[in-house]
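Order of the sequence lines fixes the chain letters, A, B, ..., with proteins taken first and strands second; residue numbering starts at 1 for each chain.
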Amino acid sequence: MGQLRIATWNVNSLAARMPRVLDWLGSAAPDVLCLQETKATEAAFPGAALEELGYASAADGDGPYNGVAILSRVGLEDVSSGFLDEPGFPDPERRSIAATCRGVRVWSVYVPNGRTLDSPHYAYKLAWLEALAAAVEEQLALGAPLALCGDFNVAPTDADVWDPSVFVGSTHVSRPEREAIGTLVALDLTDVQPRALKGEPYTYWDYRAGMFHKGEGMRIDLVMLSSALAEAVTDAYVDRDARKGSKPSDHAPVVVDLTLP
DNA sequence: ATGTCACAAACTTTGTGA
């Protein structure tokens, strides 16, 4: 039996968030942490500081937008950036990285936002999700347990937004986006449901208008596990406290605990 | 109040993306 704690966190700039990330690694002690929106080039990635805490890292980023990484203290092998036929806008962006950590194939993904339903960024988002599903299907065929983690920029159900009426006609809740999540579920991935804290399952709260303290959030950061891993889940929660205090990200980490056979 | 933040432009402020 082996315990494994996997987490995902959109940090909204690793440079801006590094003090909080270092604190959080110390307190939450994940074995594997997937990061999104690092906004860090590979040259600027703070690998040495993370290594001091015992975490190996794999990162992909090229500038002030996007950027993903995987930190692991249980091994980090076969690192791969992007995926087969990943769409771009127009060129591929730095939105996906994968590595094998203690036998688990871990993907850290940052799905395009989409902006508005009539935007070319929305069509790009749907194309990106479709290509992701195809790549995930190929990955699953290899047989290794898969943890697909990240900021999906989709709230899978109406229960995952504070007020569905506010989102009518918006991205993040549209039928095609939700169907794209459904496609991943149909590939036998489980969208792990975090324990509701304060009655809320949310992982993201806009910085504006005091939305965090008003409870106006969304669950858009997901951990999707292949069947063997899903069966091994012992706990899952959103670390809402990480959204509080000084200089927080607008996202909170999602933490999943597993007991592997 | 579309009320915040992070970033990079060539600025001591504005645009952009989220």
When you compare [N] with [M], how far apart are their [atom1] atoms, in angstrom units rounded to a whole number?
{"N": "B:dT16", "M": "B:dA1", "atom1": "P", "answer": "25 Å"}
{"N": "B:dA10", "M": "B:dA6", "atom1": "P", "answer": "23 Å"}
{"N": "B:dG3", "M": "B:dT14", "atom1": "P", "answer": "14 Å"}

[X] has an atom [atom1]; how far is it from atom [atom2] of [N], in whole Å?
{"X": "A:Asp250", "N": "B:dG17", "atom1": "CG", "atom2": "C1'", "answer": "11 Å"}
{"X": "A:Met18", "N": "B:dA6", "atom1": "CE", "atom2": "P", "answer": "16 Å"}
{"X": "A:Lys244", "N": "B:dT4", "atom1": "NZ", "atom2": "C1'", "answer": "19 Å"}
{"X": "A:His172", "N": "B:dG17", "atom1": "NE2", "atom2": "C1'", "answer": "12 Å"}
{"X": "A:Asp62", "N": "B:dA8", "atom1": "CG", "atom2": "C1'", "answer": "15 Å"}
{"X": "A:Met211", "N": "B:dG3", "atom1": "CE", "atom2": "P", "answer": "13 Å"}
{"X": "A:His251", "N": "B:dG17", "atom1": "NE2", "atom2": "P", "answer": "17 Å"}
{"X": "A:Asn10", "N": "B:dA6", "atom1": "CG", "atom2": "P", "answer": "12 Å"}

Between A:Arg219 and A:Tyr202, is NZ or CZ placed under 6.0 angstrom from the six-membered ring centre and within 45° of the ring axis?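 The answer is no; the distance or angle limit is not met.
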From the options A:Leu184, A:Thr183, A:Leu229, select the one residue that forms a side chain to side chain contact (heavy atoms under 4.5 Å, CB included) with A:Leu189.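 Filter result, single survivor: A:Leu184.
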Could you tell me whether the side chains of A:Tyr124 and A:Ser119 share a donor-acceptor contact shorter than 3.5 Å?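 Side-chain D/A pair, A:Tyr124 to A:Ser119: absent.
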Nearest to the side chain of [X], which nucleotide is it out of [options]?
{"X": "A:Ala209", "options": "B:dA6, B:dC7, B:dG3", "answer": "B:dG3"}
{"X": "A:Glu37", "options": "B:dC7, B:dA18, B:dC5", "answer": "B:dA18"}
{"X": "A:Tyr207", "options": "B:dA18, B:dC7, B:dT4", "answer": "B:dT4"}

Phosphate oxygens OP1/OP2 of [N]: is one of them under 4.0 Å from a side-chain N or O of [X]?
{"X": "A:Arg208", "N": "B:dC5", "value": "no"}
{"X": "A:Lys39", "N": "B:dA8", "value": "no"}
{"X": "A:Arg17", "N": "B:dC5", "value": "no"}
{"X": "A:Ser13", "N": "B:dC5", "value": "no"}

A:His121 vs A:Leu14, nearer the 5' end of DNA chain B by closest nucleotide: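 By nearest-heavy-atom nucleotide position, the 5'-most residue is A:Leu14.
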First encountered from the 5' end of DNA chain B, between A:Asn113 and A:Pro248: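 Mapping each residue to its closest nucleotide by heavy atoms, the 5'-most match is A:Pro248.
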Categorize A:Tyr204 for me: base, sugar-phosphate, or nothing, with a 4.0 angstrom heavy-atom threshold over every strand shown.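 Touches nothing.
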Within-4.5 Å side-chain heavy-atom neighbours: A:Thr8 and A:Pro253: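 No. Closest side-chain heavy atoms not under 4.5 Å.
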Basic-acidic side-chain contact under 4.0 Å: A:Arg95, A:Glu86: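 Salt bridge flag = no for A:Glu86 with A:Arg95.
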State whether A:Asp31 and A:Arg102 are salt-bridged, where the test is any N-O pair (Lys NZ or Arg NE/NH1/NH2 against Asp/Glu carboxylate O) under 4.0 Å.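 Between A:Arg102 and A:Asp31 there is no salt bridge, as every charged N stays at least 4.0 Å from the carboxylate O atoms.
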